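A, B, ... follow the sequence lines: proteins, then strands. Residue 1 opens every chain. Since this is a predicted model, take the numbers as computed values, not measurements.
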2 protein chains.
Amino acid sequence: MGIAERKEREKADMRRKIVDAAIQMFVEEGYDKMSIRKIADKIEYSPATIYLYYKDKDELLYDVQSEGFDALAEHFRKAVTEKDPYRRLKQMAWAYVNFYRENPQLYDLMFIINDPMNAEEDEEDWKNGDNAYDALQQLMQECIDNKLVRFKNAVVASISVWGFLHGLISLDLRCRIKVCKLSGSDLEEGMEDAINEYLRIIKA
Amino acid sequence: MGIAERKEREKADMRRKIVDAAIQMFVEEGYDKMSIRKIADKIEYSPATIYLYYKDKDELLYDVQSEGFDALAEHFRKAVTEKDPYRRLKQMAWAYVNFYRENPQLYDLMFIINDPMNAEEDEEDWKNGDNAYDALQQLMQECIDNKLVRFKNAVVASISVWGFLHGLISLDLRCRIKVCKLSGSDLEEGMEDAINEYLRIIKA
DNA sequence: TTGGACACTAAACACTGTTTAGTATATTTG
DNA sequence: CAAATATACTAAACAGTGTTTAGTGTCCAA
């Protein structure tokens, strides 16, 4: 009988409805101004209803985070096109930074905000970032194999590159860097200079 | 007359009392489990009293953050002793990482948590990080002048080094890095390898 | 048609930061 | 010294949060 299937479909539709409202609220207004009650308002259900589809707020945020990583994968797929590994690395680095610039709120949720990480009780079970990280590590291995970078270990190389980019981005997002004041150039320029010089320096 | 002075002293004492309770709560339990009401409880005053000494929670967190930066400065003073600029840089990098390991909650407030940054309405007026940053930039200039590193611009160099270290630290603090799983070594080892290789690579 | 599963919600609970109105004490003034 | 004023403090309320409970009405299966 198709009733069970329909019910399942309706359940999935409702989760979609909730997560869509959450994403929209998140992207437009950010983490601080998003709440379960406002989402309930937006989809015209009571707050309690959300708890029939999500165990708690963290679980909902985990789903929003997953959508963020899907968007990042798509962004990479479009922007990273070069064959040469080092050129590919440069493309990937800039694609990462551009993703942040276009989706700062999502970036925040994906890499900085704590809440979605509480959804998976086992810390080792966080899978959302794996695709992007694996792609980077594989690329760094290619760069090393072709002696295009000064790194020797692909794991170290990938967390170095990622750490560097994430460091600049999160200092920017949290207003801890004021390159504008320090160098006379504007903030974005200062960050771009640092990224360009970093890419030059790691080059073999 | 000494009454005005005594009142001023009492006002300062009360602020100390509040900020001390806040720091203790913060260091022991972290941002999430700290609240104005609990601080009031701890110092045996009503919550409203805190608002006679601090405009809002952000302003109090700003003071706690300042104490964090004082602690970092003291940590640097003790740990950074070498004369040679490049060796000094290595010491400074490890001192920074060790400060994070010994004070993860404070690090969080100093470099990641948003709230204290709302206390200063003008974004350009945040002075807390200046001392530490200036010391790093000056050190990078020395390294560049003595041709000890591959950087050419001290501003770019300092935000690169800082960005890199902060990137690794904040990915670790927010559980976005799982080097243990990826490399077989434990988490701390993976981070240490990346830092060592980074320091090696930027060396001229 | 009856019985039970299901979808949903109003209201409550336990928190949060913050403000208001009022009290009791300390200080200044007449 | 007494009256007036300024100060220090707080109880209670307000507006918001995430989450749970108890109950209602609808839909489906027997």
Side-chain angles (χ1 to χ4, degrees), chain A residues 1-19 21-23 25-26 29-65 109 113-119 121, chain B residues 1-19 21-23 25-26 29-65 109 113-119 121:
Chain A
M1 48 187 69
I3 289 175
E5 280 83 347
R6 197 206 67 210
K7 293 243 162 158
E8 209 154 316
R9 209 170 51 236
E10 282 173 351
K11 198 125 196 161
D13 286 353
M14 190 64 171
R15 275 179 78 107
R16 253 270 63 88
K17 207 168 179 171
I18 295 170
V19 88
I23 290 170
M25 197 166 289
F26 212 96
E29 313 214 45
Y31 173 73
D32 290 334
K33 285 175 184 165
M34 171 263 203
S35 80
I36 295 284
R37 290 173 126 99
K38 282 188 200 160
I39 291 169
D41 247 34
K42 192 168 199 137
I43 60 172
E44 297 174 293
Y45 281 84
S46 95
T49 300
I50 290 175
Y51 288 88
L52 301 174
Y53 299 89
Y54 283 98
K55 181 175 143 282
D56 54 23
K57 195 188 177 186
D58 292 344
E59 198 178 87
L60 171 55
L61 286 176
Y62 187 91
D63 264 17
V64 177
Q65 194 195 55
L109 185 66
I113 292 170
N114 261 326
D115 298 6
M117 308 308 278
N118 302 343
E121 60 285 339
Chain B
M1 46 187 70
I3 289 176
E5 280 83 348
R6 198 206 67 213
K7 293 246 161 154
E8 209 154 313
R9 209 169 52 236
E10 281 174 352
K11 198 123 197 164
D13 287 352
M14 191 65 171
R15 273 178 79 108
R16 253 270 63 87
K17 208 169 180 172
I18 295 169
V19 87
I23 289 170
M25 196 166 288
F26 212 95
E29 313 214 45
Y31 173 72
D32 290 335
K33 284 174 184 166
M34 170 262 206
S35 79
I36 295 283
R37 289 172 126 100
K38 282 188 201 158
I39 291 170
D41 248 35
K42 193 168 199 136
I43 61 173
E44 296 175 293
Y45 282 83
S46 95
T49 301
I50 291 175
Y51 288 88
L52 300 173
Y53 298 88
Y54 283 99
K55 180 175 142 283
D56 55 23
K57 196 187 178 189
D58 293 343
E59 197 178 87
L60 171 54
L61 287 176
Y62 187 90
D63 264 17
V64 177
Q65 194 196 55
L109 185 66
I113 291 170
N114 261 327
D115 297 6
M117 308 308 277
N118 302 343
E121 61 284 339

End-to-end axis angle, where each axis spans five pairs of the helix from dG4(C)-dC27(D) to dG30(C)-dC1(D), to 10°: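 The value is 30°.
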From Tyr53(A) atom OH to Asp63(A) atom CG, the distance as rounded to the nearest 0.5 Å: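 Rounded to the nearest 0.5 Å, the OH-CG separation comes to 14.5 Å.
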Rounded distance (Å) that lies between atom [atom2] of [N] and atom [atom1] of [X]:
X	N	atom1	atom2	result
Ile36(B)	dC14(D)	CD1	P	21 Å
Ile39(B)	dT16(C)	CD1	P	11 Å
Asp13(A)	dC8(C)	CG	P	11 Å
Arg37(B)	dA13(D)	CZ	P	13 Å
Lys33(B)	dG17(C)	NZ	C1'	20 Å
Lys38(A)	dG18(D)	NZ	C1'	14 Å
Met25(A)	dG18(D)	CE	P	10 Å
Ile43(A)	dT9(C)	CD1	C1'	13 Å

Heavy-atom donor-acceptor pair, Lys57(B) side chain to Asp115(B) backbone, under 3.5 Å: no
Closest contact, heavy atoms only, Ser46(A) versus Ala40(A):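 For Ser46(A) versus Ala40(A), the nearest heavy atoms are C-CB, 3.8 Å.
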Smallest separation among heavy atoms of Lys38(B) and Lys33(B), with atom names: NZ-O, 3.0 Å
Any side-chain heavy-atom pair of Lys17(B) and Glu44(B) under 4.5 Å: no
Beyond-backbone contact of Pro116(A) with Val64(A), side-chain heavy atoms, under 4.5 angstrom: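 A side-chain contact is absent here, since even the closest heavy-atom pair is not under 4.5 Å.
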Residues within residues 47-59 of chain B bordering DNA chain C, heavy-atom distance below 4.0 Å: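 Going residue by residue through residues 47-59 of chain B, the ones with a heavy atom under 4.0 Å of DNA chain C turn out to be Ala48(B), Tyr51(B), Asp56(B), Lys57(B).
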dT17(D) phosphate, OP1 or OP2, under 4.0 Å from Ser35(A) side-chain N/O: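 Looking at the OP1 and OP2 atoms of dT17(D), one of them is under 4.0 Å from a side-chain N or O of Ser35(A).
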